[in-house]
Amino acid sequence: MPVKRKRPRIPGWLRGVIWAVVAIAVMSTASYATGVSALTSSNTASTALRLALPILLCALGGLWAERVGVINIGLEGMMILGTWGAAWGAYYGGAWVGLLAAIAFGALGGLLHAVATVTFNVNHIVSGVAINLLGLGVAKYLANLIFEPLSGNPRQSPPVPKFDTYSAAGLSDWLGSLENQQRVGLSDVAGILRGLVTGVAPLTMLAIVLIPVSYWVLWRTRFGLRLRSCGENPVAAESLGVNVYRYKYVGVLISGGFAGMGGASLVLLKGGADYLENQTNGRGYIGLAAMIFGNWRPGGLLGGAALFGYSDGLQLAGGGDAVLALLYGAVILLAIIVIVQLIRKRWLAAALGVVGAGILYAIYWTNDTLPSDLIPYTAHFVTLIVLAVASQRLRPPKADGAQYRRGEGD
């Protein structure tokens, strides 16, 4: 009997590159077909990068916690603590001190979550919700105590120092000239690249570097192997001499620190506001969704954060017309997916893709613009749609959210 050969598996990084090329091609086509240049403009790309940063950092925080077996619904609360810590530290010591303070306050939220879930075996969801409420209350109390005498407003901090930004001057000018020529495809790529190399803050560079660093630590080191083993099978890890409690604490503390950094990015980047009450606006939950969309992998969550940041930046840069043009791009993308599914003979998936494309095209065809009340929630709608589509291929760590007691495997 002949042995059936397995098809060679495409490396994850190459799949990411392919999807990025497809996404740019789709947006370029949609921009040309609809006449909405904001889809691929440098302004949209720059805004998207800034807005994707807190989502990316929160997603990284969720990755570290859930890889060690702790569900971290409390990312939003830790992020809120980070916004207050960033403003407080930056006001008294500058932007870098603000970043360190944000990490410390976020890690404090992570410590509380670890004590509840690891030491006392509190349900992870219940503890996370409590952390969100506690973070909101603590930040509000501290703002009343510290910021009101300084700014006269208990919901807002005084002006705080921001990170300086840097641009690749020669490259940015050359890309700008290409963008202004309005050549199909070439100008679109130039606009996106120009937005990514213009006005970049050190915190942005640090966050991007943390993606490969997290991958290397979690998948290529002994420490990372032990940490992930606690999220897959803590009893087996304990039998091999791994201190499961210690690794769970470390993972959740790092998770909180990353979420605090996400809060700092809302306060310390130019173009953003100083500390404001409720300024996270659910980004912690979107970060959690980006992590799930990325299948608990660093490269995947980068794609999720980019998608949600782009959809949020597009509605700010281009308004309702740009969001409507995004629907046209989604129709093109679905058409490509339908063709792929037909080639693979997955008839049900192809049929669902046709139905989805038809609904989106009907919305695009019957509307000149979208209601202004719905436009600010573009990223939230994208979150729901993407999670619904991606839910069939997800594989969380096996012991994610499971209660663990030391010695239970004896």
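Keep in mind it's a predicted model, so treat the numbers as computed, not measured. In this chain, numbering begins with 1 at the start of the sequence shown.
- Nearest heavy-atom pair, Q156 versus F147, reported as atom, atom and distance to 0.1 Å: O-CB, 3.7 Å.
- Salt bridge R194/E179: present, at least one basic N to carboxylate O contact under 4.0 Å.
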Name the atoms and distances for all side-chain donor-acceptor pairs under 3.5 Å in residues 68-75, with sequence neighbours left out.
from : atom 1 : to   : atom 2 : distance (Å)
N72  : OD1    : G74  : N      : 3.1
N72  : ND2    : S255 : OG     : 2.8

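- The closest donor-acceptor contact from the side chain of T198 to the backbone of G195 lies at 3.5 Å or more, if one exists at all.
- Within the 3.5 Å criterion, the main-chain N or O of M79 finds no donor-acceptor partner in the side chain of T280.
- Panel note: side chain N295, backbone R395; a donor-acceptor pair is recorded below 3.5 Å.
- Considering every non-hydrogen atom in both G304 and F293, the closest pair reads CA-CD2, 3.3 Å.
- Side chain of T117 to backbone of H113: a donor-acceptor contact under 3.5 angstrom is found.
- The closest donor-acceptor contact from the side chain of S28 to the backbone of A25 lies at 3.5 Å or more, if one exists at all.
- With hydrogens and angles disregarded, a donor-acceptor distance shorter than 3.5 Å links the side chain of N144 to the backbone of K140.
- Using a 4.0 Å cut-off between charged nitrogen and carboxylate oxygen, D274 and K162 count as a salt-bridge pair.
- Contact detail for L203 and A264: the closest heavy-atom pair is CD2-C, 4.3 Å.
- With S46 contributing its side chain and N43 its backbone, the two residues share no donor-acceptor pair below 3.5 Å.
- With a 4.5 Å cut-off on side-chain heavy atoms, E238 and N243 do not count as touching.
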Cut-off 3.5 Å, no hydrogens considered: what does the side-chain donor-acceptor table look like for residues 83-102, sequence neighbours left out?
from : atom 1 : to  : atom 2 : distance (Å)
T83  : OG1    : I80 : O      : 2.5

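- Ionic pairing of R155 and E148 is not present here: no N-O contact between side-chain nitrogen and carboxylate oxygen is shorter than 4.0 angstrom.
- Between Y328 and Y361, the angle of the ring planes lies from 30° to 60°, which puts this pair in the tilted group.
- In plain terms, the two heavy atoms of L326 and L39 that are nearest each other are N-CD2, 4.1 Å.
- Remark: the backbone N or O of R228 is not paired with any side-chain donor or acceptor of Y247 at under 3.5 angstrom.
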Could you walk me through whether L57 and L210 pass the side-chain contact (heavy atoms from CB on, under 4.5 Å) test, one step at a time?
CA-CA 9 Å; L57 289 166; L210 285 173; 4.2 Å; yes

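- Listed for the R283 side chain is a donor-acceptor partner under 3.5 Å among the backbone atoms of Q279.
- Side-chain contact between W296 and R67: present, with at least one pair of heavy atoms (C-beta onward) separated by less than 4.5 Å.
- Here E66 pairs with nothing under the salt bridge (charged side-chain N to carboxylate O under 4.0 Å, His left out) rule; sequence neighbours left out.
- Residues satisfying the side-chain contact (heavy atoms from CB on, under 4.5 Å) test with S37, not counting sequence neighbours, are none.
- No donor-acceptor pair closer than 3.5 Å links the side chain of E76 to the backbone N or O of N132.
- In this pair, F258 and W64 present their aromatic rings tilted. The plane angle is within the 30 to 60° band.
- S265 is linked by a side chain to side chain donor-acceptor pair (under 3.5 Å) to nothing, counting only residues two or more places apart in sequence or in another chain.
- With sequence neighbours excluded, no residue satisfies side chain to side chain donor-acceptor pair (under 3.5 Å) with N281.
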